[in-house]
Amino acid sequence: MYEHLGELLTVLLTLDEIVDNHVTLKDHWTMYKRLLKSVHHNPSKFGIQEEKLKPFEKFLLKLEGQLLDGMIFQACIEQQFDSLNGGISVSKNSIFAEEFAHSIRSIFANVEAKLGEPSEIDQRDKYVGICGLFVLHFQIFRTVDKKFYKSLLDICKKVPAITLTANIIWFPDNFLIHKMPAAAKLLDRKSLQAIKIHRDTFLQQKAQSLNKDVQSYYVFVSSWMMKMESMLSKEQRMDTFAEDLTNRCNVFIQGFLYAYSISTIIKTTMNLYMSMQKPMTKTSVKALCRLIELLKAIEHMFYRRSMVVADSVSHITQHLQHQALSSISVAKKRVISDKKYSEQRLDVLSALVLAENTLNGPSTKQRRLIVSLALSVGTQMKTFKDEELFPLQVVMKKLDLISELRERVQAQCDCCFLYWHRAVFPIYLDDVYENAVDAARLHYMFSALRDCVPAMMHSRHLESHELLLDCYDKEIMDILNEHLLDKLCKEIEKDLRLSVHTHLKLDDRNPFKVGRKDLALFFSLNPIRFFNRFIDIRAYVTHYLDKTFYNLTTVALHDWATYSEMRNLATQRYGLVMTEAHLPSQTLEQGLDVLEIMRNIHIFVSRYLYNLNNQIFIERTSNNKHLNTINIRHIANSIRTHGTGIMNTTVNFTYQFLKKKFYIFSQFMYDEHIKSRLIKDIRFFRETKDQNDHKYPFDRAEKFNRGIRKLGITPEGQSYLDQFRQLISQIGNAMGYIRMIRSGGLHCSSNAIRFVPDLEDIVSFEELVKEEGLAEETLRAARHLDSVLSDHTRNSAEGTEYFKMLVDVFAPEFRRPKNIHLRNFYIIVPPLTLNFVEHSISCKEKLNKKNKLGAAFTDDGFAMGVAYTLKLLDQYQEFDSLHWFQSVREKYIKEIRAVAKQQNVQSTSQDEKLLQTMNLTQKRLEVYLQEFELLYFSLSSARIFFRADKTAAEENQEKKEKEEETKTSNGDGPESTVSADPVVK
């Protein structure tokens, strides 16, 4: 009875503490009272009758005094217990006072023995009730047992604080001193001071012992889980059934005791820190989070084996009831065998019979309460021997625990207190990220965070509890994303990038020096349930990588191979199933895109060198250790990315670029110094061609080259002829780029049409659909398919003659009489080629030097530019009449033979230095001859692109014949005229 009274007083104490700690409630109550005063001054404004205000105010004052002043417990114990009509006097009943005090001491003796011990179950709650009962006893009888009072306070050294609710801590010493100031005066100050000092040092001691507690409980709980798993997994045998039930009972109770101890440590430590407003170290936070994980691990163990546990509990309950009935039966026989009759003995016997009858049935809470009350009477008059009473009490305690095992485990493992300590969650996630080996413990922490939800669903301070739940959900998910998921995504992406780019040696990745975290363990976790979602870390990181790789590939399509490799590595290393981007692929070595080249063609032709035979562009110079290249495959991929329409746009851009370059070309040719020298050379050739066997003299070209340098040079050491050569090379590079665009377009079309079996015999899908009588949508789709196949077939078979277009658009303007100064171009080609050969040899020699600035091994843009310009001016025959390359060949062969002859003469003189000089001279002459031969071959190849076999007159005649044939076959029609855009005005 007194224990139940203590439980009631504990509830009243808890209510007082809740109200006292609820700052918001007090603030809102004060605001409400102020509002009421405003209503009192003007009731009509609020539609309230004035005569009803005073009773309402009295009611509010009464409510405030009873509930909101924190005096619920005080009002209860200060009641008038004595009868005012001269009846029963409680305060002067010495027998009741003595029994009351004896009961308190008996309960305290049982509580004190187990308080703080591993077998502690609910002794802390009972201790709160004992303190309440002691204050009630003092309030009624006004007597104090100084020794017992000191014993109550001494408990504070063992248990300085007790957690009443999720976030409320209760200090028994404050309570006993505050409620019994007169009794506190009886104690010396040193005792009271020691209690306060111990409370302050308790946190320091607890912080120091937390890691040790974690290690101990980690071993205990792991061992218990293994024992539980092995015990529940094996089948029960009938010959050892009772023993198995006893063992299972002990294991179940041990698990509950571990849960109670861990829960007490967590709640007391966290609430003490919060109450005393002291900062918690990261080490303490990590240790407490580990204990929370162990607490949820115990709960999950019971939940995972709940079917077997439930089945075992029913058998264990019957077994314990049988043990209790056996003990009671022995005591009952002892009472019956005693022939002395008395009413007390009859009451004891009746109590035992009642306990027996109650135990024969289901172990409900009401039945166990009746048994407890019956045994409190039945154990009087030494009915049980000492060695019989203690086992019976143990059995009844086990029966209480086992009968409410699920509820008690759930209550002890409830972590709703975490709502008030959410600040530990970021630190916990940082620890999980740093120690990825234990990633699976995330499930336990989120299970603990879910325990906060049921309490929040009872909130009344908002319009709907859904608002509070949404805020809580958002806060937890934001913390999770910031402190774990986003960091994990960034680290995985960084690891993949560094692994793919190991050749760059960007970072020290030696695991023995920098360490290594096995982040793959995060991806082996099952999805974590939280609110109405499942948090799948694997899916989150996969989605992040897919999105990042896709977006970055769209920005830089030439990096597709890098991101493809990173996808494969993510699958291989982390087991992530990545989604294919399905973007048009481009090659890894593609330095520039067609679109980029088109927009900056003036920069491209000056920074890249063209190779005619391999049809490839090579970067002239670079700050990197490699040079970018562009070939047909790159162009084809780029066309596939942007569409074939970009080809015509590129030609238009090139046309605009050539217009500007030809304007500079015309200005150079019109220059008086240049024009006069060229006219002199033409006149000289005409006058001396018979003497020189119709060959342009090599010496004349050398003289022209030297003469140009006298006109001046740039700060970089270049003559006007050098700059003119660069202009011709840039024009040739532009034409080489147009050639590559056409080849890339054909390559792209061929790849697109390669799945068509026979290009000569393509069926009409539209006709087939019509024959089958299919739907209109199918007919429309078939029509589109036929159109696409027709376009691809035509593109792959023909290709556009871009060279002919660019010749036709410029040639009429070049050949006009007003641009007659351009007709001197053919005579400048010999000195130009000489200048080019010297420059080419110089570039090739730099390849073998340490400083490779300006080194190059190809520049066929010059040959393309010369061939194109000669075609525009229709001067192939004029240039061929110079027999320039034949003249060069004869000149160098003659000199090589002369040197060889001189070597034969000097070989007898044994002059080594002279022989070395002659060898070097011979090699130099051979190099020059070889370079001229290469230029000749390149120029001959380039002339083929512009149909050098025919003159302008022959081409015009051929064009007229084709037009006449077209008119004859199609009938007379209007003639189409093409007006050329004038280049030089």
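What you see is a predicted model, and the numbers here were worked out from it, not measured in a lab.
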ask   = Under a 4.5 Å cut-off applied to non-hydrogen side-chain atoms, are His634 and Thr629 in contact?
value = yes
request  = Using a strict cut-off of less than 4.0 Å between a Lys/Arg side-chain nitrogen and an Asp/Glu carboxylate oxygen, indicate whether Lys894 and Glu890 qualify as a salt bridge.
outcome  = no
ask   = Can we say Arg620 and Asp859 salt-bridge, meaning some charged N sits less than 4.0 Å from an Asp/Glu carboxylate O?
value = no
inquiry  = Using side-chain heavy atoms (C-beta onward) and a distance below 4.5 Å, is Phe825 in contact with Leu872?
reply    = no
key: Ile827 vs Phe704 side-chain heavy atoms within contact, under 4.5 Å   = no
inquiry  = If only side-chain N and O atoms count, and only distance matters, is there a donor-acceptor pair under 3.5 Å linking Thr714 with Gln723?
reply    = no
inquiry  = Ring-plane angle category for Phe803 and Phe946, please: parallel below 30°, perpendicular beyond 60°, tilted otherwise.
reply    = parallel
key: Proximity of Phe617 and Phe604 rings by center, below 6.0 Å   = yes
ask   = Considering only heavy atoms from C-beta outward, does the side chain of Asn631 approach that of Gln615 to under 4.5 Å?
value = no
inquiry  = Is the ring pair Tyr936/Phe885 parallel, tilted or perpendicular, if the boundaries are 30 and 60 degrees?
reply    = tilted
inquiry  = Does Phe698, at its CZ atom, have more than 12 non-hydrogen atoms belonging to other residues, nucleotides or ligands within less than 6.0 Å?
reply    = yes
task = Apply the test salt bridge (charged side-chain N to carboxylate O under 4.0 Å, His left out) to residues Glu813 and Arg816: give CA-CA distance (whole Å), side-chain angles for both, the deciding distance (0.1 Å), then the verdict.
result = CA-CA 5 Å; Glu813 190 68 27; Arg816 286 185 180 182; 3.2 Å; yes
ask   = Do the non-hydrogen side-chain atoms of Lys659 and Phe810 ever get within less than 4.5 Å of each other?
value = yes
inquiry  = To the closest 0.5 Å, what do you measure between CZ (Phe814) and NZ (Lys871)?
reply    = 14.0 Å
query = So, Ser638 side chain and Val594 main chain: donor-acceptor pair closer than 3.5 Å or not?
reply = yes
ask   = Taking C-beta and beyond as the side chain, do Glu838 and Glu931 meet within less than 4.5 Å on heavy atoms?
value = no
query = Got Leu873 and Arg823 here, is their nearest side-chain heavy-atom distance under 4.5 Å?
reply = yes
key: Under 3.5 Å: donor-acceptor pair, side chain of Ser881, backbone of Glu878   = yes
ask   = For Asn551, does its backbone N or O pair with a side-chain atom of Thr554 as donor and acceptor, under 3.5 Å?
value = yes
key: Side-chain heavy atoms of Phe945 within contact of Met735, under 4.5 Å   = no
request  = Count the heavy atoms belonging to other residues, nucleotides or ligands that lie under 6.0 Å from CZ of Phe684, then report whether that count exceeds 12.
outcome  = yes
query = Take atom NE2 in His694; do more than 12 heavy atoms of anything else shown fall under 6.0 Å from it?
reply = yes
ask   = Aromatic ring centroids of Phe724 and Phe665 under 6.0 Å?
value = yes
key: Of Val888, Asn835, Leu882, the residue whose pairing with Pro830 passes side chain to side chain contact (heavy atoms under 4.5 Å, CB included)   = Leu882
inquiry  = With a 6.0 Å cut-off (strictly less than), is the heavy-atom count around CG of Leu847, excluding the residue itself, greater than 12?
reply    = yes
ask   = Do Thr649 and Asn652 have side-chain atoms, one donor and one acceptor, less than 3.5 Å apart?
value = no
